[in-house]
Number of protein chains: 4
Amino acid sequence: MPIPLGRPANPEARAQRRAQIIKGARTCFLRKGFHAATTAEISAEAGVSVANLYQYFPTKDDLVQALIEDDLAEDLALVRLVDEAGSLREGLARIDTLLAAEPDYAEQTRLKLEIIAEAARNSQIAAVVSAADARMVAAMITLLERRQQAGEVRPEADPVVIAELILALYDGLYGRLAFSGANQARMTRAASQMIIDAFANPPHPSD
Amino acid sequence: MPIPLGRPANPEARAQRRAQIIKGARTCFLRKGFHAATTAEISAEAGVSVANLYQYFPTKDDLVQALIEDDLAEDLALVRLVDEAGSLREGLARIDTLLAAEPDYAEQTRLKLEIIAEAARNSQIAAVVSAADARMVAAMITLLERRQQAGEVRPEADPVVIAELILALYDGLYGRLAFSGANQARMTRAASQMIIDAFANPPHPSD
Amino acid sequence: MPIPLGRPANPEARAQRRAQIIKGARTCFLRKGFHAATTAEISAEAGVSVANLYQYFPTKDDLVQALIEDDLAEDLALVRLVDEAGSLREGLARIDTLLAAEPDYAEQTRLKLEIIAEAARNSQIAAVVSAADARMVAAMITLLERRQQAGEVRPEADPVVIAELILALYDGLYGRLAFSGANQARMTRAASQMIIDAFANPPHPSD
Amino acid sequence: MPIPLGRPANPEARAQRRAQIIKGARTCFLRKGFHAATTAEISAEAGVSVANLYQYFPTKDDLVQALIEDDLAEDLALVRLVDEAGSLREGLARIDTLLAAEPDYAEQTRLKLEIIAEAARNSQIAAVVSAADARMVAAMITLLERRQQAGEVRPEADPVVIAELILALYDGLYGRLAFSGANQARMTRAASQMIIDAFANPPHPSD
DNA sequence: GATGAATGAGGGTTCATTCAT
DNA sequence: TATGAATGAACCCTCATTCAT
């Protein structure tokens, strides 16, 4: 085991600075979009020099990709949140509560539009998005199958199809909320209700 | 309104060339996005010189805006299609048929993602998009109210909210179809069914 | 034959501007070398905007290559000059006279050092240099064979080898003259004499 | 000169590391040229950190200069080799033998092209090159004068001029060999022969 | 002495836009 | 009107060099 000479590498500091850059990038991408945001703006926003940014992300595209991976992980967390609840109704209610508490969630979601649009052109990003989405759809399907076995979801419904529809509904809703004047909390609840009405069995009399 | 005198220019030729440029722009924007598509590419695609393009659209942004207006008109046509059908069920079925016949509709939808993302940054475009969307929502609400009065839509449903949800569902669905491998026709039918299940009264036994 | 509309292309003006840019590039490359000379400097020297330069040479490398081709053509002209003279002695004398009249020829030759050094790394440029050099060597060989048949060059000498040596001598001489303080005209004459002494038969008594 | 006290640093280790860096630099400069080779590449090649390189050479230019001094010393050794031989013919024969044994000598010569080109722009380097060259020319002149007194070199020849020509011939030859396909050993012998034919008296019948 | 981290100053190239014919 | 030619303003990225440990 050779004794390492010189200044020792500090992985924590690196990780922190990396996150700092991604945060700055998120702000700028949100404000200007992937293409219009410049590396100079991003590094200024992150409080870093441009050259330093390039030591963490060898390419602007790499930065975009890192941010996307970071971003898509959050969506998966939402699915898990629903899954951990006792029932679909309860899970959706939690979503409603959570999103009601984050009034600028719609704002953040704008990035997803950008991401999907970008995925349509950049095959590398398309791969990242597809992979993340596949994981999310899979989690959703598992969740729905479980609820179906528990008798909460109608037996004739196809979990694969429903999963896609539910994700589409939320994607579309938050996409629209970014520019329509509709009330975010209200529309989120309405979406939950729509899902219940469309796919759930009527509640047991004992509920 | 008579053709103004003293203008030797040929309005028909102008309109035709304008459309030709917009068509080229659509191709390029679809391929590369608003920012990455260059005026050089667009004019090449349209078979026009760059300088000539600038005689029809004084700015790239103007071209984008013209294309967006052109584009948003199509969506409104879909709402009218539903409205002209005898019932919500029938209208949605027509949508299903129509979209099944255009297998690359999802592809074209990518432009809408770009448009919305752009609207979030460009206030002029935001105005255009909002206005077009407001018209569409209004048409949708009117349609739903009529169906509600006809007893087809559940009386407790709020047409304003439902309209948003339905539009969100389709937006989100076609956004997802642009990169997920799901079957477009099948998912379109499933969306129709979801709408029926969530908002419609059960069909009369006589139906 | 379709009638060309719009501003007609002007090939002469283009050729002139192209030459103008190459001239500016030569000045800058001479002053700073291929790598250190910037496109900004070159275009300033040529009295052109940077963007305009890029309409004539899509890449800095392309500009370098064009200049090299331009440059190597001159050397070939020198060989032809010797060939057109009645004898090797007469031809070399003409070279001496010509170079004596251009006191900064050594200065210009510095570019050839740069060119060869660059050829060692850039395969595209290597191809250009090799091709041009092959033409020059071939012309030299032909010349020497003719002089050999005329009895002026020693019969046992191999024109292929001599050609290389003569070119090497001049290359090396002008390379050295670029930094040594030696007298250009004198050294040029000495080189001619060396060639005569090494390869020529003694002059006929009738000469 | 006693080793200065109060300097705990290990001079041997320093010298070794210095040589290690110069070696890495030579490799990189040969591969890419002075300007295109980066300090990062050089230190990687030398197995050293960039910051460490800067503790040995405060500037990239200083590194270049050190390497050049290192390099020019070798040429002088060749002149001495000839001088130590009994005759010019014998000395040139030894050169032929030596260079025949180093088939990639031409490759290394590429650095000299780079050096001369650089000298044309960097006055500091020009001084180094001029000084080294002056030493070499002086050694060459001394050598030739001795051979002239020994009756081997023609009496009417000017050693100052011949020295320049001989150096020019070798410089040019190895410059050309770097990219022409000619055979190095054969051309080296031919150059020796050319020198003999041009400047030497015919051998004594007793030789 | 040695290393990892950071940066200011460009460098080549592109692009929306304008000018001249 | 329509085109070829031209340009200023950036943009992404690199690199020699310095700082901190």
Side-chain angles (χ1 to χ4, degrees), chain A residues 3-11 13-14 17 35-43 47-63, chain B residues 8-10 13-14 17 35-43 47-63, chain C residues 3-11 13-14 17 35-43 47-63, chain D residues 8-10 13-14 17 35-43 47-63:
Chain A
I3 299 172
L5 298 177
R7 180 179 180 175
N10 183 345
R14 276 199 83 82
R17 189 145 258 221
H35 282 90
T38 73
T39 54
E41 285 169 345
I42 293 170
S43 35
V48 180
S49 75
V50 179
N52 195 204
L53 182 154
Y54 273 86
Q55 283 193 339
Y56 288 82
F57 302 95
T59 281
K60 192 187 172 187
D61 265 16
D62 287 321
L63 175 54
Chain B
N10 180 348
R14 265 198 89 80
R17 193 148 256 223
H35 278 89
T38 72
T39 54
E41 286 170 344
I42 293 170
S43 32
V48 180
S49 77
V50 180
N52 195 206
L53 182 153
Y54 271 82
Q55 285 192 331
Y56 287 81
F57 302 95
T59 281
K60 191 188 174 187
D61 265 14
D62 288 320
L63 175 54
Chain C
I3 299 172
L5 297 177
R7 180 179 180 177
N10 184 346
R14 276 198 82 81
R17 190 145 257 221
H35 281 90
T38 73
T39 54
E41 286 168 344
I42 293 171
S43 35
V48 179
S49 76
V50 179
N52 195 207
L53 182 155
Y54 272 85
Q55 283 194 338
Y56 287 82
F57 302 96
T59 281
K60 192 188 172 187
D61 265 16
D62 287 321
L63 175 54
Chain D
N10 179 348
R14 266 198 86 80
R17 193 148 255 223
H35 278 90
T38 72
T39 55
E41 285 169 346
I42 292 169
S43 32
V48 180
S49 76
V50 180
N52 195 207
L53 182 153
Y54 272 83
Q55 284 192 331
Y56 287 83
F57 301 96
T59 279
K60 192 188 174 186
D61 266 14
D62 288 320
L63 175 54

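No hydrogens, no waters, no symmetry mates; every other heavy atom, side chains included, goes into these values. Fair warning: this is a prediction, and the values are worked out from it, not measured in the lab. Just so it is clear: chains get the letters A, B, ... in the order the sequence lines come, proteins before strands, and each one is counted from 1.
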- Could you work out which one of F:dA6, F:dT17, E:dG8 sits closest to the side chain of D:Thr39? F:dT17
- Query: Starting at CG of B:Asp62 and ending at C1' of E:dT17, how long is that distance when rounded to a whole Å?
  - Reply: 13 Å
- Message: Quick check on DNA chain E: between A:Arg14 and C:Asp61, whose nearest nucleotide comes earlier from the 5' end?
- Response: A:Arg14
- Residue B:Ser49, side-chain heavy atoms: nucleotide from F:dT1, E:dA5, F:dT3 that is nearest: F:dT3
- Query: Between E:dA5 and A:Tyr56, is there an OP1 or OP2 to side-chain N/O distance shorter than 4.0 Å?
  - Reply: no
- Query: Nearest to the side chain of D:Lys60, which nucleotide is it out of E:dA2, F:dA16, E:dG8?
  - Reply: F:dA16
- Could you tell me which non-hydrogen atom of A:Thr59 sits nearest to which non-hydrogen atom of A:Tyr54, and how far apart they are? CA-CE2, 4.2 Å
- Query: Which one, E:dT17, E:dG11, F:dT17, comes nearest to the side chain of C:Thr38?
  - Reply: E:dG11
- Query: How many Å lie between NE2 on C:His35 and P on F:dT14, as a whole number?
  - Reply: 15 Å
- Check every strand shown and say whether D:Ala36 touches a base, only sugar-phosphate, or nothing at a heavy-atom separation below 4.0 Å. nothing
- Message: Working to the nearest 0.5 angstrom, can you tell me the gap between B:Lys60 NZ and B:Leu53 CG?
- Response: 10.5 Å
- Item | Heavy-atom pair of closest approach, residues B:Val50 and B:Ala40 | CG2-CA, 4.0 Å
- Task: May I have the distance from B:Glu41 (atom CD) to E:dT17 (atom P), rounded to whole angstrom?
- Result: 15 Å
- Task: Respond yes when some side-chain nitrogen or oxygen of D:Arg17 is under 4.0 Å from OP1 or OP2 of E:dG1, and no when none is.
- Result: no
- Grab the two heavy atoms, one from C:Gln55 and one from C:Arg14, that are nearest each other, plus how far apart they are. O-NH2, 3.4 Å
- Stems of at least 3 consecutive Watson-Crick or G-U wobble pairs (donor-acceptor distances under 3.5 Å) involving DNA chain F, listed by first number, are E:2-21 with F:2-21
- Give the rounded distance in Å between these two atoms: CG of B:Asn10 and P of F:dT1. 11 Å
Return the polar atom pairs (N/O with N/O) between nucleotides 18-21 of chain F and the protein under 3.5 Å, or none.
{"unit_1": "F:dA20", "atom_1": "N3", "unit_2": "A:Arg7", "atom_2": "NH1", "d": "3.3"}

- Nearest heavy-atom approach of C:Ala36 to D:His35 is CB-NE2, 3.8 Å
- Sequence neighbours excluded, the answer for side chain to side chain donor-acceptor pair (under 3.5 Å) partners of B:Asp61 is B:Asn122
- Note on the structure: Judged by nearest nucleotide, the residue sitting upstream toward the 5' end of DNA chain F, A:Asn52 or C:Leu53, is C:Leu53
- Query: If you check every side-chain atom of A:Ala9, which of F:dA6, E:dT13, E:dA5 has the closest atom?
  - Reply: E:dA5
- Item | Rounded distance (Å) that lies between atom C1' of E:dG12 and atom CG of C:Leu63 | 12 Å
- Item | Closest-nucleotide ordering on DNA chain F, the 5'-leading residue of A:Thr59 and B:Gly47 | B:Gly47
- Between P of E:dT13 and CD1 of C:Ile42, the distance in whole Å: 10 Å
